[in-house]
Amino acid sequence: MSVSRFWRKIPQRYNLIGTQCTTCGRYFYPPRSLCPDCRRSGTIVEHQFRGEGTIVTYTVIRTASDLFEHTTPYVLAIVRLDEGPNLTAQVVCRPEEARIGMRVKSVFRRIAADGESGVIHYGTKFVPAE
Amino acid sequence: MSVSRFWRKIPQRYNLIGTQCTTCGRYFYPPRSLCPDCRRSGTIVEHQFRGEGTIVTYTVIRTASDLFEHTTPYVLAIVRLDEGPNLTAQVVCRPEEARIGMRVKSVFRRIAADGESGVIHYGTKFVPAE
Amino acid sequence: MRDVAVIGVGCTQFSEHWYTSFRNLFVEAGTLALEDAGVTGGEVDALYVGNMSAGRFVEQEHIGALIADYAGLATNHIPSTRVEAACASGGLAFRQAVIAVASGMEDVVVAAGVEKMTDVGTGVGVDTLAGAADREWEGFAGATFPGLYAMIANDYMHRYALTREQLAQVAVKNHENGAKNPIAQFRQQITIDTVLNSPMVADPLRLFDCSPITDGAAAVVVVPLERAREFTDTPVRVLASVQASDTIALHDRRDISTLDATVAAGRRALRQARLEHRDIDMLEVHDCFTIAEICAIEDLGFCAKGEAGRLTEEGVTALAGDLPVNTSGGLKACGHPVGATGIKQIYEIVTQIRGEAGKRQVDAEVGLAHNVGGTGATVVVHILGGC
Amino acid sequence: MRDVAVIGVGCTQFSEHWYTSFRNLFVEAGTLALEDAGVTGGEVDALYVGNMSAGRFVEQEHIGALIADYAGLATNHIPSTRVEAACASGGLAFRQAVIAVASGMEDVVVAAGVEKMTDVGTGVGVDTLAGAADREWEGFAGATFPGLYAMIANDYMHRYALTREQLAQVAVKNHENGAKNPIAQFRQQITIDTVLNSPMVADPLRLFDCSPITDGAAAVVVVPLERAREFTDTPVRVLASVQASDTIALHDRRDISTLDATVAAGRRALRQARLEHRDIDMLEVHDCFTIAEICAIEDLGFCAKGEAGRLTEEGVTALAGDLPVNTSGGLKACGHPVGATGIKQIYEIVTQIRGEAGKRQVDAEVGLAHNVGGTGATVVVHILGGC
Ligand SMILES: [Zn+2]
Ligand SMILES: [Zn+2]
């Protein structure tokens, strides 16, 4: 990933900052600048998520792209944040520990090291919270 | 350029091997597997070009992609081979030497070194023949 | 709008084409399709080509012009347009060709699909395919394309009574069909144990749950139905052409293991064709992973959610069953050159309806093609019938 | 086929958008266009988007679904299709939208173009743009995109009496126009000396002969002409929509400095619109390089070969001239976010015909847009007129 593409989303990736449509109350993470329900009549503001949620589904990645190859196997999950939206993130646990319905909370971690651009990507992962 | 993409065209790139439609007599370089004039009724065979031709037009490249950056400035030309077809190639001469209508002949040279794949690309360049 | 018919089809061998370049793959398929249609290149009015990622696979964009040129059509200056929707690119190309003819704007249009995937290494290949999903919010976290379908499979198996063996049977059946298809990449039969003993890629999906990396091209020729008999005695009519979209990211879907775009496109297509499920004799569905075929059969409405595994186990979707699915071998066994797959589905249905499918021939007058982009962000459904 | 009208247009600032992502650029342009048209998102039937190379610029494919999703339209499951023909991708998107409405298949269609180019470094950018030409037989030899146009310029100047100053005047004029355009990337005027003293990129083309690297998006809304007055008092009618192809490689052309695809598309467009050259009041042409504007004016038939330099010098193509060319500032001064350019041309012509172009307003009832892919392997021409 290019440096500027990563850098542009640092607040969102580091601190789980998404958005909310204050017109209908719906939360968005990943952030959206347009509410699909209210569209142009919706007012969008930033929102920091608490970082607690539940595993909706998961997998264990055994074959990855070059960027992630040295970290396999790793648990990847769709996590439903308590405020509503779903996101895709890694869960820091042993493959056999992960299960659907597991409570998790966010942590700030190194995601990948990009050898080509020389940049280390940090962001949000989750850990078991039970 | 990936290794297999380069390797696939080695005979064509190293030895100026193109094709000819024996139905209408037209020569093709770069090689074509279908004659635009005769289409399915044309018979295509390989053809080795003599490698002599004339500069149709040219430029001097001052800003290049990463692969060629260290070789700037270089003369790039469209060369009309005596058998008919035009091709794009570098001409090994000083920028101020090049001119439209100049006679040139082909030589086998290093084209670029691909740091990423570790492969050196060889192929055909042209030199003045006057 | 005018009715549209397919008058010719062509397809390269699906395999790892070490000796053939991107452009020559297309030329081969296009030539076969024009020959089959009895159309000369000079009669072609326009060209649409589906391709996912030549930009990354072979560093080439501007695919429409490239293939028109190498097909020998450049000096006619015909419009040639590339469309892209990841793995649904081929289906889109066919649909745009149908619209161009239906509108009255063009008469003889070639729809093609092509992908050259084996020129890059596995790492770059995996990364390129992840571009079919949300690069910023799925790929960034380490999601691979098989990983996303694996999460669909886990959600599905958590909620419905699908066994690991039933899932494997999808691959077993598609290899059986592929073994009877001369253009298929894999022509050997496999067993459930082959699947269950293959390496894990992303739990619970194993290597034999996944479609392979493939090079290939396919092309078809469409004309107004009223002109079809000028070219062929066996035209095949386009009864419906529908495309639907959904969220790019899997995590934003209403339901993780239902492809709402498949549901929407399937319903609209049946309505457009004025047909019911029982009128459809065969399906070519998008089995990029075994779980995808299970979801497709259900989301298209051919059985209730949770029942496709049992149907597969019982042989209903096999060649000899009541509803043959992926007679070509599907993406799994026939191969999956991404942009070509949607056109190959049309190729297979036309071949079946014409009765030219040889050892894999089924009794089919009406067939449905289902082509998916990404994890369901684009779905294209076509229904074809004899006339 | 039905007549088609443009009822709304929108465009982002063209510039280096460090703080805005690919998807948000589109959302901004799309929102502006829908607002301008008085259309709600729920009324949109389909979406076409032109994009050259998100695969390499931001590692993302499946662009149609992505933008439908972030425009909030995913749950409507509308068809959303990406088309690509390098720098002509925007023109293609507009044309496909016109075909979809003309066919009767859709009523309210958004055509958009978007490119985010500044997320990669110069080397990767140059390499990506070279994918618009023949990667295997031009790029392999070291051809860059400016280098190919430089060879056109050298051929042209060898055969016709074009002076270096006349060529520079194209850039000077387009910067004058850009200075009056609020969305333009460059709003400062320049002189002939600015061009002649700028660094050489590929002889004889200097930095100020070249269009810049730009981020941006543009969108327009089209409907059947018969429904246009439901939405707006100032619909603009699509009088012609034509696309033509030519060889991908410059070296294979019949004539190096004549774009035969422009000649073909221009002729067919005038015939389709039943107009003659004197009926056209303004042109937006594809000036990716100064020489490209010279060729475009001639190849479209507005003067004989070899005369466009003199016309430019005499001010005929300036804002106050008889045939204003690139009132927007063109690709040179307004900027060139590759996939967005063809839509921005439509945006400019609609703005001019409506009389909303402010300080750069010209007297125009009919305008022609000319969008080129690569060095002329794809050309799209549209003619628009008030109604
Ligand atoms: Zn809202
Ligand atoms: Zn011939």
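Here is the naming used below: chain letters follow the sequence lines, and residue numbers restart at 1 for every chain.
Interface remark: of the candidates D/V201, D/T144, D/D252, D/V201 forms the most heavy-atom pairs closer than 4.5 Å to chain B. Taking B/L87, B/T72, B/T71, B/V79 one by one and counting their heavy-atom pairs under 4.5 Å with chain D, the maximum is reached by B/L87. Comparing B/Q12, B/E69, B/Q90 by heavy-atom pairs within less than 4.5 Å of chain D, the highest count is held by B/Q90. Between chain D and the options B/T124, B/T59, B/V56, the largest number of non-hydrogen pairs under 4.5 Å is found for B/T59. Here D/G142 is the residue among D/G142, D/G147, D/G123 with the most heavy-atom pairs under 4.5 Å with chain B. If you tally non-hydrogen atom pairs under 4.5 Å between each of D/N154, D/L205, D/V126, D/I152 and chain B, the highest count goes to D/N154.
Interface residue B/K9: only side-chain heavy atoms are found under 4.5 Å from chain D. Heavy atoms closer than 4.5 Å to chain D are found in the side chain of B/R32, but not in its backbone. Both the backbone and the side chain of B/Y58 come within less than 4.5 Å of a heavy atom of chain D. Residue contact with chain D, scored on non-hydrogen atoms closer than 4.5 Å, involves the side chain of B/I111 exclusively. Heavy-atom distances place no part of B/F28 under 4.5 Å from chain D, backbone and side chain included.
Within a 6.0 Å sphere centred on CZ of D/R164, other residues, nucleotides and ligands contribute more than 12 heavy atoms. B/E46 CD: 12 or fewer foreign heavy atoms inside a 6.0 Å radius. Remark: D/K305 NZ is packed, more than 12 non-hydrogen atoms of other residues, nucleotides or ligands lying under 6.0 Å away.
For the residue pair D/Y156 and D/E298, a side-chain donor N or O sits within less than 3.5 Å of a side-chain acceptor on the partner. Side-chain N/O atoms of B/R80 and B/T54 include no donor and acceptor closer than 3.5 Å.
Using a 30° and 60° split on the angle between ring planes, D/H370 and D/H286 fall in the perpendicular class, above 60°. Between D/F289 and D/F145, the ring-plane angle classifies as tilted under the 30° and 60° cut-offs. Between B/Y14 and B/Y122, the angle of the ring planes goes over 60°, which puts this pair in the perpendicular group of the 30/60° scheme.
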